[in-house]
Amino acid sequence: MDEKILKILRTHRDKFTSAEELARRVSLSKPTLARHISKLGDEGYDIQHQPHLGYKLVGLPDRLAASEVKWQLNTKIIGRKVLSYNVVDSTNTTAFSLARQGAPCGTAVFAEGQKKGRGRRGRGWVSPTSKGIYLSLVLRPHISSNEASLITLLAAASCAESIRSVCGLKALIRWPNDILVNNKKVCGILTEIETEGNRVKFIILGIGINVERSKLPPEAGTLRKETKRDFSRLDLARELLQHLDKHYRNFERRGAEDLIREWKNLSAFSGRRVKVFLAHKTIEGQAQDIDDEGALIVRLDSGFREHVTSADIVKIR
Ligand code: BT5
């Protein structure tokens, strides 16, 4: 019922809808309608009421509610199903179990907060409630497992682009999975895969973005602190889904060529000297390129070109 009321108010955004008309359209009496409106107010919807004019929606709650994320979302695959939770252990864990139950490609899982947000290699992701975006997507690309890192590239390009367009910030990608603004990490990506033989069965793509200031590790930055623009988490979340959809569909149709080209324009490295911490050694050289499986090509001082598939931290000089 609340959804029906909201749908009408959203469609007439910035205009009053008379109480009579609204009540008639949702088949409620006016007093019952008033109770629903008051409940929506408690949930954070700012609905103005003028006795002679009716109701007008003037503000949305600062929550990533599925209905708000989906409202007139212009995507074909990503976000075709959106679920939103209050606080979960990890949206990646939730998405994993949904994927195992057959959730379709593009299913998006949002949470307001995470109790056990995960980074890579057993590290954590600090996820203060309602201060960031915590999103996991179920993806079912037709690729082999050694191409899975292209999905991280795809996510990184989408994150950087959406931060640029919504916040007006020069977001850069630090290969493989970080987004930096003014050299501070504002976003991290965690790609987890389930395989069947050499094929990818599904991928859970987790994205964490720091929006509001709060207690975060020293290397972290937040978008609110870096930008002067007024934006909402909802605007950013919706923009992110649009970019992910654009890149994902293009990737499915045409492969990674366009993606890699666009990725390079957003890379913090391109030609810079980097230090790469691998599992058993540390290498230093010039970051030259990305290969067609998404590995970073580092030219060592000896001239040898090392293809780095999974490094830990890459430092830029
Ligand atoms: C990442 O790992 O950067 C991947 C983070 C992915 C988080 C998303 S949130 C939605 C989804 N559900 C999850 O449970 N996870 C995903 P890594 O490169 O390993 O970086 C982790 C390191 O970043 C930590 O060891 C800290 O040093 C630092 N860190 C932790 N929380 C941070 C934050 N909020 N902002 C910036 N840095 C953080």
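These numbers were taken from a predicted model, which means no experiment stands behind them. Computed from heavy atoms alone, side chains included, the values below leave out hydrogens, waters and symmetry copies. Whatever order the structure lists them in is the order used to number ligands and atoms, beginning at 1. Positions are given from 1, in the same order as the sequence printed here.
Geometric assessment of Arg224 against the ring of Phe231 yields a positive cation-pi assignment under the 6.0 Å and 45° thresholds.
Ion pair Glu212/Arg233 not flagged as a salt bridge, since none of the NZ, NE, NH1 or NH2 atoms sits closer than 4.0 Å to an Asp/Glu carboxylate oxygen. A salt bridge links Glu284 with Arg273: at least one charged nitrogen is closer than 4.0 Å to a carboxylate oxygen. The pair Arg299-Glu306 fails the salt-bridge criterion, with no side-chain N (NZ, NE, NH1 or NH2) lying under 4.0 Å from an Asp/Glu carboxylate O. Glu112 has no carboxylate O lying under 4.0 Å from a charged side-chain N of Arg63, or vice versa, which leaves the two without a salt bridge. Looking at Asp289 and Lys264, a side-chain N of the basic residue comes within less than 4.0 Å of a carboxylate O on the acidic one, giving a salt bridge.
Each of Arg120, Arg121, Arg118 was checked for a salt bridge (Lys or Arg N to Asp or Glu O under 4.0 Å) with Glu192, and the lone residue meeting it is Arg118. Here the rule is side chain to side chain donor-acceptor pair (under 3.5 Å) with Glu147, and of Ser149, Ser145, Ser144 only Ser144 fits it.
Nearest-residue assignment for atom 3 (O) of ligand 1 (options Lys215, Lys185, Glu192; heavy-atom criterion): Lys185. Remark: among candidates Gly188, Gly119, Gly124, the nearest residue to atom 22 (C) of ligand 1 is Gly124, based on non-hydrogen atoms. Around atom 8 (C) of ligand 1, the closest heavy atom drawn from Gly208, Ala220, Pro218, Pro176 belongs to Gly208.
Using a 4.0 Å cut-off to heavy atoms of Pro217, the atoms of ligand 1 that qualify are 29 (N), 30 (C), 31 (N), 32 (C), 38 (C). Every atom of ligand 1 with a heavy atom of Thr91 under 4.0 Å away is listed here by number and element: 10 (C), 11 (C), 12 (N). Here is the list of ligand 1 atoms found below 4.0 Å of a heavy atom in Leu135: 10 (C). The ligand atoms of ligand 1 that sit less than 4.0 angstrom from a heavy atom of Glu219 are 26 (C), 27 (O), 28 (C). Those atoms of ligand 1 with a heavy atom of Gly117 less than 4.0 angstrom away are 14 (O). The distance from ligand 1 to the heavy atoms of Leu216 drops below 4.0 Å at these ligand atoms: 34 (N).
At a 4.0 Å heavy-atom cut-off, ligand 1 touches Asn210 through the side chain alone. If you look at Thr93 next to ligand 1, there are no close heavy atoms at all, none under 4.0 Å. Only the side chain of Gln114 comes within contact range of ligand 1, with a heavy atom under 4.0 Å; no backbone atom does. For Ser136, every heavy-atom contact with ligand 1 shorter than 4.0 Å involves the side chain, none the backbone.
Ligand 1 has a nitrogen or oxygen under 3.5 angstrom from a nitrogen or oxygen of Arg123. Ligand 1 has no N or O atom lying under 3.5 Å from any N or O atom of Tyr134, backbone or side chain.
Across all non-hydrogen atoms, the minimal contact from Cys159 to Ile207 is SG-CG2, 3.7 Å.
Between the side chain of Asp245 and the backbone N or O of Ile77, at least one donor-acceptor pair lies under 3.5 Å.
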